[in-house]
K.L.:
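Before we start, here is the structure in question, set down as structure tokens.
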Amino acid sequence: MSGSQFNKGPAYGFSAEVKNKIAQKYDPQKEAELRVWIEDITRMEIGDNFQLGLKDGVILCELINRLRPGSVKKINRSKLNWHQLENLSNFIKAMTDYGLKLHDIFEANDLFENGNMTQVQSTLLALASMAKTKGIQTHVDIGVKYADRQERSFDEETLKAGQCVIGLQMGTNKCASQAGMTAYGTRRHLYDPKSNITPPVDQSTISLQMGTNKGASQVGMTAPGTRRHIYDTKLGTEKCDNSTASLQMGYCQGANQSGQNFGLGRQIYDPKYCPAGEVMKDENEENHMQY
């Protein structure tokens, strides 16, 4: 019996929200079907409250013993909590031996403390499905029958023959043919000769899918290296001054280095708007002369 089954406290915040969403998945109709199924097999009454009727684990131990005799050796009928938890632990272990997967089985506190009755319901449905698979017949049709395993064994020769088969996912080159292919370097027809489409008369015609250079002209192009007009001559927007360079072409005329002092601090003020700059300039010149 795992000690982690009984150390869960109350849920708050996000945990409580998750717990409420899980509780909303509880199906009352499935509970009624499980009640009839359990009472039909065990011949014992569960009572009005489904959780309280199964809480002590006595009915559940009787259920697994009817499905698989001798699964639970001793059933505690005491009202002590420890004995009831022991019954639930024995039932959980017996379900594992019966064939249920671990992820399908609830924990003891899910039923004993009413922690997760949705999981308890899912476990009992899985138990009913396993019982139907093993041939247990009842008056209520509940659960689904699991598919039987179909094991196949092949000899060594069959296994080696299968290695030579190319699956469709790997592709295949069978039935590939170059029939109808023209000689390499010749023009490829872009129409289907089998269709009722008239082939082009001019074999030198280049379709639009292949691109074309016909109609191309260099009329109006100036000699390489000359200035290129960036205005439209058709709109009559020619400029009188051909030496003017637009901002898109850049401009270097009229540039000079007057006023530049290499190695000295660069003035970040404008003398036109900062009268104090003249005074600071004179002080800088005096300091320079002293050095």
Side-chain angles (χ1 to χ4, degrees), residues 1-11 16 19-146:
M1 181 171 56
S2 174
S4 62
Q5 295 179 355
F6 315 115
N7 59 1
K8 293 184 179 179
K19 184 177 180 180
N20 292 333
K21 289 185 178 180
I22 294 176
Q24 292 176 3
K25 297 181 180 180
Y26 190 81
D27 191 353
Q29 182 178 357
K30 293 296 182 182
E31 175 187 322
E33 295 177 358
L34 286 171
R35 182 191 300 272
V36 176
W37 179 70
I38 295 174
E39 291 178 352
D40 184 34
I41 295 179
T42 61
R43 305 299 180 182
M44 300 176 65
E45 296 289 338
I46 296 178
D48 297 334
N49 193 312
F50 190 74
Q51 184 263 335
L52 293 179
L54 301 178
K55 176 181 177 180
D56 57 1
V58 175
I59 297 179
L60 295 178
C61 290
E62 291 288 346
L63 173 64
I64 195 66
N65 280 337
R66 294 294 182 90
L67 298 177
R68 185 170 180 263
S71 298
V72 179
K73 302 298 182 181
K74 179 182 178 182
I75 301 178
N76 298 307
R77 302 183 183 274
S78 174
K79 297 298 182 181
L80 296 177
N81 293 341
W82 178 256
H83 289 163
Q84 294 178 2
L85 289 173
E86 185 178 1
N87 289 336
L88 295 178
S89 299
N90 293 334
F91 173 70
I92 292 173
K93 183 179 181 302
M95 283 192 299
T96 305
D97 298 336
Y98 193 62
L100 267 68
K101 304 297 182 181
L102 292 178
H103 57 79
D104 291 333
I105 300 177
F106 65 87
E107 295 182 357
N109 64 327
D110 292 338
L111 176 59
F112 188 79
E113 298 178 358
N114 197 16
N116 188 357
M117 288 301 297
T118 304
Q119 183 62 35
V120 174
Q121 187 179 82
S122 300
T123 301
L124 294 177
L125 289 173
L127 181 61
S129 299
M130 183 61 67
K132 177 182 288 188
T133 304
K134 293 180 179 295
I136 304 297
Q137 301 294 332
T138 58
H139 295 88
V140 57
D141 186 12
I142 186 173
V144 295
K145 184 178 180 180
Y146 295 134

K.L.:
Answer whether the closest heavy-atom distance between the side chains of M44 and E62 falls below 4.5 Å.
P.N.:
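With C-beta onward as the side chain, the pair touches.
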K.L.:
Give the minimum heavy-atom separation between N87 and C61, together with the two atoms involved.
P.N.:
O-SG, 3.4 Å
K.L.:
Could you tell me whether N49 atom CG has more than 12 heavy atoms of other residues or ligands within 6.0 Å of it?
P.N.:
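Yes - once you tally the heavy atoms of other residues, nucleotides and ligands closer than 6.0 Å, there are more than 12.
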K.L.:
Quick one: CG on N65 to NZ on K73, what's the gap to the nearest 0.5 Å?
P.N.:
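One finds 8.5 Å between CG of N65 and NZ of K73.
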K.L.:
Quick check for you: to the nearest 0.5 Å, what is the distance between L60 atom CG and N90 atom CG?
P.N.:
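One gets 11.5 Å once the value is rounded to the nearest 0.5 Å.
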K.L.:
Kindly indicate, with the supporting measurements, whether the criterion side-chain contact (heavy atoms from CB on, under 4.5 Å) is fulfilled by R68 and D97.
P.N.:
CA-CA 10 Å; R68 185 170 180 263; D97 298 336; 4.0 Å; yes
K.L.:
Among residues at least two apart in sequence or on other chains, which ones pass salt bridge (Lys or Arg N to Asp or Glu O under 4.0 Å) with R35?
P.N.:
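By the salt bridge (Lys or Arg N to Asp or Glu O under 4.0 Å) rule, R35 matches E31.
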K.L.:
So with a 6.0 Å cut-off around NE2 of H139, is the heavy-atom count from everything else above 12?
P.N.:
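Incorrect, the count does not exceed 12.
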K.L.:
Could you tell me whether a side-chain N or O of T133 sits under 3.5 Å from a main-chain N or O of K145, the two making a donor and an acceptor?
P.N.:
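No, the answer is negative, given that no donor and acceptor are paired below the 3.5 Å cut-off.
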K.L.:
Which heavy atom in M130 sits nearest to a heavy atom in G99, and how many Å separate them?
P.N.:
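Reported closest heavy-atom pair: CE-O, 3.5 Å.
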K.L.:
Does the side chain of E86 come under 3.5 Å of the side chain of N76 through a donor N or O and an acceptor N or O?
P.N.:
yes
K.L.:
Any chance you could measure I59, atom CD1, to I64, atom CD1, to the nearest 0.5 Å?
P.N.:
14.5 Å
K.L.:
With a 4.5 Å limit on heavy-atom distance, are the side chains of W37 and L63 in contact?
P.N.:
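Yes, side chains in contact.
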K.L.:
May I ask you to test the L52-N114 pair for a side-chain heavy-atom distance under 4.5 Å?
P.N.:
no
K.L.:
Flag the pair F50 / L124 as yes when at least one side-chain heavy-atom distance between them is below 4.5 Å, and no otherwise.
P.N.:
yes
K.L.:
Look up atom CG in N116 and atom CG in L111, then write down how far apart they are to the nearest 0.5 Å.
P.N.:
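Result: 10.5 Å between the selected atoms.
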K.L.:
Is any side-chain heavy atom of Q121 less than 4.5 Å from a side-chain heavy atom of T118?
P.N.:
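Not in contact.
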K.L.:
Return the CZ to CZ distance between R66 and R43, rounded to the nearest 0.5 Å.
P.N.:
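Output value for this atom pair is 8.0 Å.
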K.L.:
Answer yes or no: is there a side-chain heavy-atom contact under 4.5 Å between T123 and M95?
P.N.:
yes
K.L.:
Between CD of Q119 and NE2 of H103, what distance do you get to the nearest 0.5 Å?
P.N.:
10.5 Å
K.L.:
Is the shortest side-chain heavy-atom distance between K134 and Y98 below 4.5 Å?
P.N.:
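Side-chain contact under 4.5 Å: yes.
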K.L.:
For the residue pair I92 and F106, what are the closest heavy atoms and their distance?
P.N.:
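So the minimum-distance heavy-atom pair works out to CD1-O, 3.4 Å.
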K.L.:
Does any part of the side chain of V144, heavy atoms only, come nearer than 4.5 Å to the side chain of K132, both counted from C-beta?
P.N.:
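Contact flag for K132/V144 side chains = no.
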K.L.:
S129 and G143: which non-hydrogen atoms are nearest, and at how many Å?
P.N.:
OG-CA, 3.3 Å
K.L.:
Mind running side-chain contact (heavy atoms from CB on, under 4.5 Å) on I46 and E39 for me, showing each step along the way?
P.N.:
CA-CA 7 Å; I46 296 178; E39 291 178 352; 3.8 Å; yes
K.L.:
Are any of the side-chain nitrogens in D56 or R77 under 4.0 Å away from the carboxylate oxygens of its partner?
P.N.:
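No salt bridge links D56 with R77.
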